[in-house]
Amino acid sequence: MTTQTETSVETPATTFPAGFRWGVATASYQIEGAAQEDGRAPSIWDTFSRTPGRVADGHTGQVACDHYHRYAEDIAIMRGLGVGTYRFSLAWPRIQPDGSGPINPKGLDFYDRLVDGLLEAGIAPMATLYHWDLPQTLEDAGGWPNRDLASRFADYALAAYARLGDRVPTWTTLNEPWCSAFLGYCSGRHAPGRIEPANSFRAAHTLMLGHGLAARALRAAGAQEVSVTVNLSPAIPRTLSDPHDQAAARLLDGLHNRIFLDPLLLGRYPTDMLAHMERFCGLDHIRTGDEETIAAPIDFLGVNYYMPTMVAAQVGQPSSDQFPGTEGVLFLDPDVPQTGMGWPIDADSFHTLLVRLHRDYPGTPIMITENGSSFPDVVVGDTVQDADRIGYFDGHLRAVAGAIADGVDLRGYLAWSLLDNFEWGYGYDKRFGLVHVDYATQQRRLKASAHWYKDVIANNSL
Ligand code: FCB
């Protein structure tokens, strides 16, 4: 396996298989705006971003890219790029403002228009049901640590499917449950901003249970493709010789990756993570049958990859605020270039991750549902010369091609993101788009990376 991997990294394949799905991704709160329109109720991100000090420069998603009104222009841009798949998310508080009970038909009307526009443009819609904008009423009822939300989520999924399922072939339940659980309820850097490590494990469990219930319900209702998206970060030990460094990496791999992958794909929590969790909150929140529910069959695993995590053992180091129980683990910056987020650029780790998924979770097709980078873009004339972003995409797409050559069943790649958008706690200053957005005028400008990506799609190769 190792030799095969090394060979393919040296001489990467640059052509993608016939039928490889190319696309772009966005998320509702990051682009839609229209926060009070047509019956949409507040989400936890409205509340969080209105709270002073939570989001850089006090930015909110109130207007964002005004995609709610400019969706037709954005579809035309995608059509021009030759995009085959568009991954967007549905705003739960638009569709079911209170998080349970009555459905708001006007909220669904928007997605109706969007989906019809996409189909007309020859673009396959891929709907994510939850990309972090939880109805505030459900947070007021306890938020994701409250087990009841799993059933609420499945009900909402079915309501969305009832209206859009005849035209949306691909359904993704959750986006990045790690962020929802551990940034939302442990570090508090994301909405709802709670710092409750014990509850962050409960939140992770409810999210996965909600996925399992929704996935089964969607399939029973006739959905063509059902999936879930996780954000994975390979944990790299500083040294391979020190067993303490290895143990630190194993712990991080558990807390970031296996705590989701194993229940979702193998139907059981990893033993080391059960022991770890028990220290914080006991295991009462995991009931008989839950793990079976969580492991509902999926058609592919959505993988979001941005960067690896490098760690070393260090006596006396306090715990990370986002990984409960990581006392004695030092987080390091690998010696590689970084993006404008300060995130290490490491495409080889992406390749290693994909091969590892294929090895440890055989039989599950993979789709890259997000990958991309933010850099300080400068508009010159009518474009942005973002060579650094092109370099990031190129390197990571070579990793994807290499993984396919190594036998990984990889079905497609969706660039993050179509548009510059509201980058959560960082506000609008971090730009991930292929398309530049001037927030004062809402003018869209294709960056050099958009033109580059268009050629990649057209040629199905790098
Ligand atoms: C991912 C999120 C996405 C975006 C990118 C940069 O974690 O899913 O919404 O913010 O990071």
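In listed order, ligands and their atoms are each counted from 1. In what follows, every heavy atom counts, from backbone to side chain, and hydrogens, waters and symmetry copies are set aside.
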message: When you measure from the side chain of Asp299 to the backbone of Val226, do you find a donor-acceptor pair of N or O atoms at a distance under 3.5 Å?
response: yes
message: Once side-chain contact (heavy atoms from CB on, under 4.5 Å) is applied, do any residues pair with Pro192, and if so which ones, sequence neighbours excluded?
response: Ile44, Glu139, Tyr185, Arg194
- request: Begin with the C-alpha distance, continue with both residues' side-chain angles, and end with the deciding distance and a verdict on salt bridge (Lys or Arg N to Asp or Glu O under 4.0 Å) for Asp253 and Arg258.
  value: CA-CA 6 Å; Asp253 181 49; Arg258 288 182 291 111; 3.0 Å; yes
Which residues share a side-chain contact (heavy atoms from CB on, under 4.5 Å) with Asp148, sequence neighbours left out: Asn146, Arg152
Protein heavy atom at shortest distance from atom 7 (O) of ligand 1: Glu176 OE1, 2.5 Å
Closest protein heavy atom (residue, atom, distance) for atom 5 (C) of ligand 1: Tyr306 OH, 3.3 Å
- request: Kindly check if the number of other-residue, nucleotide or ligand heavy atoms within 6.0 Å of CZ (Arg79) is above 12?
  value: no
query: Looking only at atom types and distance, does a side-chain atom of Asp38 sit under 3.5 Å from a main-chain N or O of Gly107, one as donor and one as acceptor?
result: no
- prompt: Numbering the atoms of ligand 1 from 1, which are under 4.0 Å from a heavy atom of Phe432?
  reply: 6 (C)
- prompt: Of all the atoms in ligand 1, which lie at a distance below 4.0 Å from a heavy atom belonging to His131?
  reply: 2 (C), 3 (C), 8 (O), 9 (O)
message: Below the 3.5 angstrom mark, is there an N/O of Trp343, backbone or side chain, next to an N/O of ligand 1?
response: no
task: Work out whether the distance between some heavy atom of Asn231 and some atom of ligand 1 is less than 4.0 Å.
output: no
- prompt: How far is atom 2 (C) of ligand 1 from its nearest protein heavy atom, and which residue and atom name does that atom have?
  reply: Glu370 OE1, 3.3 Å
Nearest protein heavy atom with distance in Å, relative to atom 10 (O) of ligand 1: Glu423 OE1, 2.7 Å
message: Is there a polar contact between ligand 1 and Trp132, counting only N or O atoms under 3.5 Å apart?
response: no
task: Report, in ascending order of atom number, the atoms of ligand 1 lying under 4.0 Å from any heavy atom of Gln30.
output: 3 (C), 4 (C), 9 (O), 10 (O)
Between Trp45 and His190, ring centroids under 6.0 Å: yes
task: Please check if any side-chain donor atom of Asn304 sits under 3.5 Å from a side-chain acceptor atom of Asn175, or the reverse.
output: yes
field: Trp424, any N or O under 3.5 Å of ligand 1 N or O
entry: yes
statement: Per-atom filter on ligand 1: closer than 4.0 angstrom to a heavy atom of Asn175 are 8 (O)
